[in-house]
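Throughout, protein chains are lettered first and strands after them, A, B, ... in sequence-line order, and every chain is numbered starting at 1. Note: hydrogens, waters and symmetry copies are ignored here, and every other heavy atom, side chains too, is used.
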Amino acid sequence: MEAGSSLRSSNGHCEGLTSSVPELPEVETVVRQLDPLVRDRCVKQIRLFDPLLGKPRVGAARGRRVVSVLRVGKQVVFALDGGQVGHRVASLWLSVHLRMTGRLLWCPSAPRAAVPHLRARMTLDRGCVQFVDTRRFGTLSVHSSVTELEGDGLDPTHPNFTVEVLTDLLQRGSGAQSIKTWLLRQDRLVGLGNIYACEILFEAGIDPAQAAGRLRPKQIGRLHTATVDVLQRAIANCGTTFSDFQDARGVTGSYQQFLKVYQREGRACPQCRTAVRRIVQQQRSTFFCPRCQRRARTCTLR
DNA sequence: ACCCTCCTGTCA
DNA sequence: TGACAGGAGGGT
């Protein structure tokens with residue numbers, strides 16, 4: 001288990017946190033850590049080291065100032081200020097998607113040693129950000145408009161995310177799709193991955209196999225609350241899945257206590273002590289408590 | 001709406 | 001050696 005966060009460093013070489021797969025809270029944490037470090041610094045150059053990244057037009061970033069670092073869904077986005085594009089001035093948006101194992105490492109000075117799995121480096125007028133990614137699933141892209149980066153999904157941390165909106169989303173042609181699979185759809189809600197989908201459903205007491213379109217109002221209410229709460233708590237914990245500092249600063253992560261069902265097959269449900277079960281949905285593991293997450297009974301009897 | 005694939009490291 | 005981990009885009 002590793003990957004996902006941004007790293008600060010004090011003494012010339014990179015260091016940082018390891019975490020599991022970056023989902024919304026982890027990306028939010030990366031963004032919050034990175035923003036004050038790179039804001040107002042100028043891009044000297046961006047170098048790509050991995051042909052799998054393709055040929056994004058990173059040259060256009062040269063000389064621009066980082067206005068801010070923000071999160072768009074699960075993407076880390078560097079907003080760069082206006083620069084010359086042809087004969088007019090335009091802003092530029094540099095997006096990094098960490099996918100499975102991507103990390104963004106902050107180096108306050110020139111990197112000393114070669115970093116394994118280094119895929120790209122953005123050198124600023126002081127310091128640099130290195131994109132490291134063992135599995136190489138991550139992506140890097142350059143855009144002239146931030147709307148290009150925004151999909152159709154709603155960010156569940158946004159105030160617009162209400163029970164009413166969630167109800168609408170669930171009814172928008174979800175058909176028989178299971179709620180677990182539905183939560184992973186980035187065209188409905190953005191930012192959830194396998195870990196938080198499992199945790200949220202546990203928190204809401206909903207059977208992951210239940211059809212998304214057939215949740216009852218009470219369940220939708222619990223799902224909404226659970227989504228907001230779990231994400232909020234995770235963000236407050238700086239991502240929750242952070243396990244340790246790479247250079248042993250003595251900080252131990254909180255994710256073992258945080259995750260209640262994910263990767264806990266056979267272990268006791270923290271609520272009822274029933275053994276947590278694992279099933280496979282869409283070729284992905286789903287962990288749940290068969291007792292706390294029972295399907296709502298369709299009350300045909302009286 | 002489903003299954004496969006991309007990729008590499010870890011574990012049994 | 002092979003199963004497994006999974007975000008997301010592509011194919012069917």
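A:Arg278 comes within 4.0 angstrom of sugar-phosphate atoms only, judged by non-hydrogen atoms across all strands, and of no base. When heavy atoms are screened at a 4.0 angstrom cut-off, A:Thr181 is found touching no nucleic acid atom at all.
Checked by atom type, the side-chain pair A:His143/A:Ser141 shows a donor-acceptor distance below 3.5 Å. Side-chain atoms of A:Gln282 and A:Thr181 include no donor-acceptor pair closer than 3.5 Å.
Remark: A:Asp40 pairs with A:Arg65 by the side-chain hydrogen bond (donor to acceptor under 3.5 Å, both in side chains) rule, at least two apart or across chains. A search for ring-ring contact (aromatic ring centres under 6.0 Å, His included) contacts involving A:Phe131 returns nothing, not counting sequence neighbours.
Closest of all the heavy-atom pairs between A:Ser95 and A:Leu149 is CB-CD2, 3.6 Å.
Cluster partners of A:Val190, using a side-chain heavy-atom cutoff of under 4.5 Å among ILVMFWY residues and allowing indirect links: none.
Contacts between chain A and DNA chain C, taken as any atom within less than 4.0 angstrom of a protein heavy atom, begin and end at C:dA5 to C:dA8.
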Please list each protein N or O that sits under 3.5 Å from an N or O in nucleotides 5-9 of chain B, with the distance.
unit_1 : atom_1 : unit_2   : atom_2 : d
B:dC7  : O3'    : A:Arg136 : NH1    : 3.4
B:dC7  : O2     : A:Arg135 : NE     : 2.5
B:dC7  : O2     : A:Arg135 : NH2    : 3.4
B:dT8  : OP1    : A:Arg136 : NH1    : 2.6
B:dT8  : O2     : A:Arg135 : NE     : 3.1
B:dG9  : OP1    : A:His117 : NE2    : 3.1

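Following rounding to the nearest Å, A:Lys180 (NZ) and B:dA1 (C1') show an atom-to-atom distance of 16 Å.
Comment: A:Glu203 engages A:Arg233 in a salt bridge, judged by a side-chain N to carboxylate O separation of less than 4.0 angstrom.
For the helix from B:dA1-C:dT12 to B:dA12-C:dT1, the angle separating the two terminal helix axes comes to 50°, with each axis derived from five pairs and the value rounded to 10°.
The side chain to side chain donor-acceptor pair (under 3.5 Å) test with A:Glu28 singles out one residue from A:Arg71, A:Lys74, A:Gln33, and that residue is A:Arg71.
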TODO: May I have the step-by-step check of salt bridge (charged side-chain N to carboxylate O under 4.0 Å, His left out) for A:Asp50 and A:Arg136, ending in yes or no?
DONE: CA-CA 9 Å; A:Asp50 184 347; A:Arg136 302 168 72 201; 2.9 Å; yes

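When the shell of 6.0 Å around CZ of A:Arg278 is examined, it contains more than 12 heavy atoms from other residues, nucleotides or ligands.
For B:dC2, one of the phosphate oxygens OP1 or OP2 lies less than 4.0 angstrom from a side-chain nitrogen or oxygen of A:Gln282.
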